[in-house]
Amino acid sequence: KILMVKVCCNSSSKLGAERIAYSTQVSWLLSKDFYMGFLSSLTDERSIPVEIRDHILFLLFLVVRTTNDNLYNPMERQIESVTICYRYDDEISACTWSQLINILFDSPCPSLQKTFLQTFPRIATPQRMLESVMAKELCSAKEDVTLRVIDFLLCWLEEYAKDFAENFNSFSNPMLRWIDSLKKRHPEFKAKYELAVTRVGGLQPAKEPQESHKETFQGKLDFDSMNITDFVQQMSILYSGYLSQLTGSEILSRDWTKTSTSPNIAALMKNCILVSNWISVLILTSNDKRSAQRRKKAQKIVCEAIQQANYHLAMGVMAGLESGAVHRLFQKVKPSKKYREALDILSSDRSYATLRRHSQDKTPCIPYIGMYFVDWTLVQEGNPDLVEEKINVVKLTLLGNVITKLTECAPVSGPEIPGFWEKLLEKHVELENEELYEISFYRCPRKGNPVPPRPDHIYNKIP
């Protein structure tokens, strides 16, 4: 048997006053490798105290032996909750396409259905998916299977309508004919059929991308005069626009840096790099007094971005501040306490463990896209697509977790100031890393080296 279990626990007082929460949803085969299989599935298991691991393993041992979903263990106070999502009688760590379809509809499991809808483009086309679902319903004489198929179709039409956009004509007519045949064979689900027809009628074919006309910012605006809170809010609104358009197929793309396959993720990643370069150029190309002022303001932006849960912006600004060319100019200047705390939060140590804890349950939230790029890469490169010529369902589940975290980020709302970011970039000239270092060495020569000539060929680029 395979279990899908969600475990939540916290640290005891002797392990620290600060509450540390761990939550994971895993699947594994109950065999001699049960315990090691669970440990290897935990996110950042190295950060989990041994005592907590023992508590989890003990409770999971009870899970294996019990037939009840609600466990009661008065002696265990470290565990907040253990939820059994579902039990499978069939092995689903790896299976064929037909086996996966059978598992999906023969037994109810909402979490598996969601993962399947998120990740199936990795292994099949929407056409194959629809044909398989229709075939499953036609071949089954069970009324409950028909009901699950209808609910599955309704969920697919509502939450993943973009799957139908590219081949709109090949989907809409066959789907309507199929729904019509369902009405005749199972008239008792009339309300659901009407809702399905409505959603099919609401499908839209894919439209050619059109260049949108952006309004320009009216008035004076630059880094030195801008309000920090307004800046962070406007960047949050900008990033929310990209996140709201994210789709599972885009996240499943094998290259997040390509605009053609992952336009929104690529835009977020490029913007983070642009913000970093913008900050570095602003600090390096001004005089000593203004450089110090801009550095302090940039540090305040990082702190404010964390306060507003815009971790993507915080990471971009921090990258500019901590770039080698900038950092070496201020080695003897002690940063503020708040900024040092911000650096600890944004640290990449243990796969961004501190950042993950800090951003957990924050609403609204703009996550740092690079953190999930690391997760995606580990899942993609560390797990084969096929296991013994069968679909690796564990990999699909892990990919589904990444998709869920990215697509369920709460958007930031607020009044958008047209052209705000574009106005700030109006005089920005992107410089290569070598050019930034050339300016840095001119302003602060290496120890024992003479002052190099002024790099006018770089300064002349700056308006």
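Residues: numbered from 1 along the sequence shown. These numbers come from the heavy atoms of this one structure, side chains and all, not from hydrogens, waters or symmetry mates.
- In this structure, His358 and Ile306 approach most closely via the heavy-atom pair CE1-CG2, 3.6 Å.
- With sequence neighbours left out, the ring-ring contact (aromatic ring centres under 6.0 Å, His included) criterion links Tyr239 to His312.
- Lys395 and Asn383 get closest at one heavy-atom pair: NZ-O, 2.8 Å.
- Under the 4.5 Å side-chain criterion, counting only non-hydrogen atoms from C-beta, Asp222 is not in contact with Lys427.
- Considering only residues two or more places apart in sequence or on other chains, Tyr372 meets the ring-ring contact (aromatic ring centres under 6.0 Å, His included) condition with none of them.
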Listing, residues 450-463 side-chain donor-acceptor contacts under 3.5 Å, not counting sequence neighbours, or none:
| residue | atom | partner | partner atom | Å |
| --- | --- | --- | --- | --- |
| Arg454 | NE | Asp456 | OD1 | 2.5 |
| His457 | NE2 | Glu438 | OE2 | 3.4 |
| Asn460 | ND2 | Asp456 | O | 3.0 |
| Lys461 | NZ | Glu435 | OE2 | 2.5 |

Apply the test side chain to side chain contact (heavy atoms under 4.5 Å, CB included) to residues Tyr311 and Tyr352: give CA-CA distance (whole Å), side-chain angles for both, the deciding distance (0.1 Å), then the verdict.
CA-CA 12 Å; Tyr311 300 99; Tyr352 299 97; over 6 Å; no
The test is salt bridge (charged side-chain N to carboxylate O under 4.0 Å, His left out); show your working for Arg128 and Glu131 and say whether it passes.
CA-CA 5 Å; Arg128 185 186 181 190; Glu131 290 169 0; over 6 Å; no
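- Applying the ring-ring contact (aromatic ring centres under 6.0 Å, His included) criterion to Phe231, with sequence neighbours excluded, gives Trp278.
- Heavy atoms of other residues, nucleotides or ligands lying less than 6.0 angstrom from CD of Gln307 number 12 at most.
- The ring-ring contact (aromatic ring centres under 6.0 Å, His included) analysis of residues 315-351, with sequence neighbours excluded, yields no pairs.
- Remark: Ser323 engages Ser280 in a side-chain hydrogen bond (donor to acceptor under 3.5 Å, both in side chains) (not counting sequence neighbours).
- Between Ile403 and Gln118, the shortest heavy-atom distance links the atoms CD1-O, 3.6 Å.
- Considering only residues two or more places apart in sequence or on other chains, Glu416 meets the salt bridge (Lys or Arg N to Asp or Glu O under 4.0 Å) condition with none of them.
- Of all the heavy atoms in Ile391 and Thr96, the pair that sits closest is CD1-C, 4.1 Å.
- Note that CG of Asp385 and CD1 of Ile123 are 9.5 Å apart. Values are rounded to the nearest 0.5 Å.
- Across Thr285, Val281, Leu329, a single residue satisfies side-chain contact (heavy atoms from CB on, under 4.5 Å) together with Ile439, and that is Thr285.
- Between Ile366 and Ser240 the shortest heavy-atom distance is CD1-OG, 3.3 Å.
- Side-chain atoms of Leu274 and Trp421, non-hydrogen and from C-beta on, do get closer than 4.5 Å to each other.
- Partners of Arg199 by salt bridge (Lys or Arg N to Asp or Glu O under 4.0 Å), not counting sequence neighbours, listed by chain and number: Glu158.
- A distance of 10.0 Å separates CE of Met134 from CG of Leu153, quoted to the nearest 0.5 Å.
- Pairs of residues two or more places apart, or lying in two chains, that qualify as ring-ring contact (aromatic ring centres under 6.0 Å, His included) and include a residue from residues 376-406 are Trp256-Trp376.
- For the pair Asp344/Thr354, no side-chain contact is recorded, criterion being any heavy-atom separation below 4.5 Å from C-beta on.
- Here the shortest heavy-atom pairing between Tyr437 and Gly324 reads OH-CA, 3.2 Å.
- Note that OG1 of Thr407 and CD1 of Ile251 are 5.5 Å apart. Values are rounded to the nearest 0.5 Å.
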Pairs under 3.5 angstrom only: tabulate donor-acceptor contacts from the side chains of residues 294-303 to other protein residues two or more places apart or in another chain.
| residue | atom | partner | partner atom | Å |
| --- | --- | --- | --- | --- |
| Arg294 | NE | Asp224 | OD1 | 3.1 |
| Arg294 | NH1 | Leu282 | O | 2.8 |
| Arg294 | NH2 | Asp224 | OD2 | 2.9 |
| Lys297 | NZ | Phe223 | O | 2.7 |
| Lys297 | NZ | Asp224 | O | 3.0 |
| Lys297 | NZ | Met226 | O | 2.8 |

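- Two residues are said to be in side-chain contact when any heavy atoms from C-beta on lie closer than 4.5 Å; Val412 and Asn310 fail this criterion.
- Between Asp375 and Ser351 the shortest side-chain heavy-atom distance falls below 4.5 Å.
- Side-chain contact between Arg340 and Lys334 is present, with at least one heavy-atom pair separated by less than 4.5 Å.
- Residue Leu425 holds its CG atom at 7.5 Å from CD of Glu422, rounded to the nearest 0.5 Å.
- With rounding to the nearest 0.5 Å, the separation of CE in Met371 from OG in Ser359 is 4.5 Å.
- Rounding to the nearest 0.5 Å places CG of Leu346 at 9.5 Å from OH of Tyr368.
- Looking at Lys338 and Glu341, no side-chain N of the basic residue comes within less than 4.0 Å of a carboxylate O on the acidic one, giving no salt bridge.
- Taking 4.5 Å as the limit, every side-chain heavy atom of Asn277 sits out of range of all side-chain heavy atoms of Ile273.
- In this view, Phe152 and Phe105 satisfy the ring-ring contact (aromatic ring centres under 6.0 Å, His included) rule, not counting sequence neighbours.
- Counting only heavy atoms from C-beta outward, the side chains of Met129 and Leu117 approach each other to under 4.5 Å.
- Qualifying side-chain hydrogen bond (donor to acceptor under 3.5 Å, both in side chains) partners for Ser440, counting only residues two or more places apart in sequence or in other chains: Arg328.
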